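Let me begin by presenting the structure, written as structure tokens, before commenting on it.
Please read all numbers here as calculations on a predicted model, not as lab measurements. Every chain is numbered from 1, with letters handed out A, B, ... down the list of sequences.
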Amino acid sequence: MKLRGRALVVGDDIDTDQIIPAVYLTSTDPVELGKHCLEGYAEDFPSRIRQGDILVAGDNFGCGSSREHAPWAIKGAGIQCVIAKSFARIFYRNAINIGLPILECPGGLPAEDGDEIEVDLDSGIIRNLTKNIEKSAEPFPDFLQEIIQAGGLVEYARRRING
Amino acid sequence: MTLTEKIISQKVGREVHADEIVMARVDLVLANDITAPLAIKEFQKMGAKRVFDGQRIVFIPDHYTPCKDVQSAENVRLMREFAKEQDIIFYEIGRGGIEHTLLPDEGLVLPGDLVVGADSHTCTYGAITAFATGVGSTDAAFAMAFGEIWLRVPRTMRFVYKGYLRPWVGGKDLILYTIGKIGVEGARYKAMEFTGEVISRLTMADRFTMTNMAIEAGAKTGLIPFDAVTLKYIQPRAQREYKVFELGKADEIIEIDCSQIEPQVACPYSPANVKSVWELTHISINQVVIGSCTNGRLEDLREAARVLKGKKIHPNVRLIVIPATHKIWEDALRDGLLEIFSSAGAVISPPTCGPCLGGHMGVLGKGERAVATTNRNFPGRMGHRESEVYLASPAVAAASAIMGRIAHPEEVL
């Protein structure tokens with residue numbers, strides 16, 4: 001599957017408190033959480049997000065707490081994919097489990113806000129069309145492919161329960 | 001094999017090695033009032049009807065409790081009802097406390113266990129040689145339904161602590177020093193092992209503090225080998241069989257000479273931004289928090305009380321003391337610690353994660369600065385985005401409360 005969208009760029013070590021501040025954690029509604037996506041990083045960030053944007057991050061994206069509200073907020077805000085130089089491990093598994101496409105791009109993807117990004121989720125090829133740069137994401141191990149193909153761990157579990 | 005590989009192999013039923021992705025059996029699943037409501041929702045979406053074993057699942061309301069508002073009360077109500085329906089272990093406030101202090105103290109986590117918790121500080125239980133790791137709510141839902149979790153077997157990064165500790169240096173200083181050395185992603189996806197002569201002399205409280213913060217270096221877990229200290233802690237608590245796994249190989253070994261380490265402080269906005277306390281004695285503060293899953297144990301409160309006994313805190317400072325569990329609160333009362341804190345000018349909170357995550361019970365305003373014995377100091381962690389948190393040991397926190405600025409305990413004693 002190919003995704004195309006406008007880049008929104010953030011830096012290194014963006015922790016889950018910045019992605020979704022604790023004050024909003026009493027909600028479990030992705031759309032409600034999405035209204036505050038990355039508000040702890042920059043107060044006006046939620047207003048800068050447009051449906052279908054692609055978040056481009058640096059190292060260790062999603063470090064800190066295990067709150068799944070973080071990838072839900074990103075998904076709920078309408079961001080369709082996250083590309084990072086590296087992901088913190090709990091965020092990595094949470095994103096896969098809830099069906100938020102993520103790509104670990106060694107060396108990172110050079111991008112500025114507003115650049116046109118194209119991602120091929122099957123081949124792992126990432127293109128910054130504005131800057132004419134092409135990168136390859138780390139491929140997912142087979143088991144994770146299975147979860148991703150199912151659309152997340154909930155669907156994977158449903159299939160297991162229903163045989 | 002590494003210690004981690006040995007434990008996970010036992011749970012998979014065959015020999016497994018680092019980097020493999022496996023489906024492993026879990027001994028215990030936990031979730032709190034932030035993560036359980038989402039886990040229950042995902043559990044229902046999976047079409048699951050019954051949990052795999054309610055007595056191997058623990059729900060602990062500890063983050064926003066005693067409930068701070070209607071929404072948090074509704075979340076705890078949902079947890080309580082689901083726990084009752086599914087026969088899940090549930091700790092009401094006044095009987096429980098902060099999950100990562102409570103569970104080992106209650107003997108619910110034992111050596112050799114594989115524990116997954118929908119809270120990043122689940123790695124704390126590595127202090128009793130269990131493989132314990134933080135996961136999300138959907139993972140917790142899956143584990144509740146099947147008693148299993150998918151895991152990538154991590155590589156092992158062993159730290160060997162040598163020499164002797166200076167006065168007022170303990171587990172908090174060692175872990176801050178270590179994170180300062182390797183960075184917030186220095187152990188990403190890996191299992192950290194804390195070993196060596198210094199570790200073998202540490203109390204269980206100091207050990208829990210160290211493994212608790214393994215996640216702050218990006219690690220999947222932090223482990224300490226089983227020894228006489230562990231046995232003494234476990235023996236009166238264990239109500240079921242457990243298996244002791246010995247230390248094995250390591251993929252990487254880092255030696256740390258402890259003899260020159262001074263009390264450490266992590267400055268804003270990263271647990272890796274670590275300096276010696278002596279470099280920071282000019283920093284004035286507004287608030288001090290002593291508590292959390294990192295440093296809310298009885299030994300931590302005793303350390304703070306040793307510094308605060310017979311003294312008054314600085315007029316510009318608010319001191320909040322939070323015993324981690326109800327039992328610790330009672331012990332602190334009986335030992336006269338609460339009176340020492342109260343006389344010094346502290347407010348004593350019921351057990352809660354509260355201010356650590358900027359939840360309630362001591363949130364910071366714009367530009368305010370705190371010294372806290374907690375575990376994170378990212379932007380906005382304890383409140384306003386422009387507030388600041390300095391992470392330190394209970395002794396440094398107590399001394400700072402007296403001086404109104406960051407201080408070494410020997411400055412007040």
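Using a 4.5 Å heavy-atom cutoff, the side chains of B:Gln71 and A:Ser27 are not in contact. Between A:Pro141 and B:Ile21 the shortest side-chain heavy-atom distance falls below 4.5 Å. B:Arg376 is listed as a side-chain neighbour of A:Ser65, based on a closest heavy-atom distance under 4.5 Å. For the pair B:Tyr269/A:Asp13, no side-chain contact is recorded, criterion being any heavy-atom separation below 4.5 Å from C-beta on.
Put simply, of B:His360, B:Glu42, B:Arg152, the one with the most heavy-atom pairs under 4.5 Å next to chain A is B:Glu42. Of the listed residues (B:Pro37, B:Pro379, B:Gly218), the greatest number of heavy-atom pairs within a distance under 4.5 Å of chain A belongs to B:Pro379. Among B:Asp119, B:Thr122, B:Thr35, the residue with the largest count of heavy-atom pairs under 4.5 Å with chain A is B:Asp119. Of the listed residues A:Asp59, A:Ile98, A:Asn162, the one with more heavy-atom pairs under 4.5 angstrom with chain B than any other is A:Asp59. Per-residue heavy-atom pair counts under 4.5 Å with chain B were compared for A:Glu68, A:Gln18, A:Arg159, A:Glu155, and the maximum is reached by A:Glu68. Between chain B and the residues A:Asn94, A:Asp17, A:Asn97, the largest count of heavy-atom pairs under 4.5 Å involves A:Asn97.
Shown here for A:Phe87 and B:Arg188, the closest heavy-atom pair between the two residues is O-NH1, 2.9 Å. The shortest heavy-atom contact between A:Phe143 and B:Met23 is CZ-CE, 3.6 Å. Minimum heavy-atom separation, A:Tyr41 to B:Arg385: O-NH2, 2.9 Å. Taking every heavy atom of both residues into account, B:Lys41 and A:Pro30 meet most closely at NZ-CD, 4.3 Å. Across A:Arg93 and B:Trp150, no two heavy atoms sit closer than the pair NH2-O, 2.7 Å. Across all their heavy atoms, B:Ser120 and A:Gly64 have their closest contact at CB-O, 3.6 Å.
Around CG of A:Asp122, the count of heavy atoms belonging to other residues, nucleotides or ligands within 6.0 Å exceeds 12. For B:Arg50, the CZ atom is densely surrounded, since the number of other residues' heavy atoms within 6.0 Å is greater than 12. Within a 6.0 Å radius of CD in B:Glu81, more than 12 heavy atoms belonging to other residues, nucleotides or ligands are found. Counting non-hydrogen atoms of other residues, nucleotides and ligands closer than 6.0 Å to CG of A:Asp44 gives a total above 12.
Aromatic ring orientation, B:Phe142 versus A:Tyr156: tilted (interplanar angle from 30° to 60°).
Both the backbone and the side chain of A:Leu153 come within less than 4.5 Å of a heavy atom of chain B. A:Glu39 touches chain B through its backbone: at least one of N, CA, C or O sits under 4.5 Å from a heavy atom, while the side chain does not. With a 4.5 angstrom heavy-atom cutoff, B:Glu148 touches chain A only via side-chain atoms. Within the 4.5 angstrom heavy-atom criterion, only side-chain atoms of B:Tyr64, from C-beta onward, approach chain A. With a 4.5 Å cut-off on non-hydrogen atoms, B:Leu38 touches chain A through its backbone and its side chain both. With a threshold of 4.5 angstrom between heavy atoms, A:Pro21 does not approach chain B through any atom at all. Heavy atoms of B:Ala39 lying under 4.5 Å from chain A are absent altogether. Interface remark: B:Ile215 contributes side-chain atoms only to the contact with chain A (heavy atom separation under 4.5 Å). Looking at A:Asp12, neither its backbone nor its side chain comes within 4.5 Å of chain B, counting heavy atoms on both sides.
Residues of residues 132-141 of chain B lying under 4.5 angstrom from chain A, judged on non-hydrogen atoms, are B:Thr133, B:Gly134, B:Val135, B:Gly136, B:Ser137, B:Thr138, B:Asp139 by number.
Checked by atom type and distance alone, the side chain of A:Asp15 never pairs as donor or acceptor with a backbone atom of B:Phe378 at under 3.5 Å. No side-chain donor-acceptor contact under 3.5 Å links B:Lys45 to the backbone of A:Val154. A distance-only check finds no donor-acceptor pair linking the side chain of A:Arg158 to the backbone of B:Met46 [under 3.5 Å].
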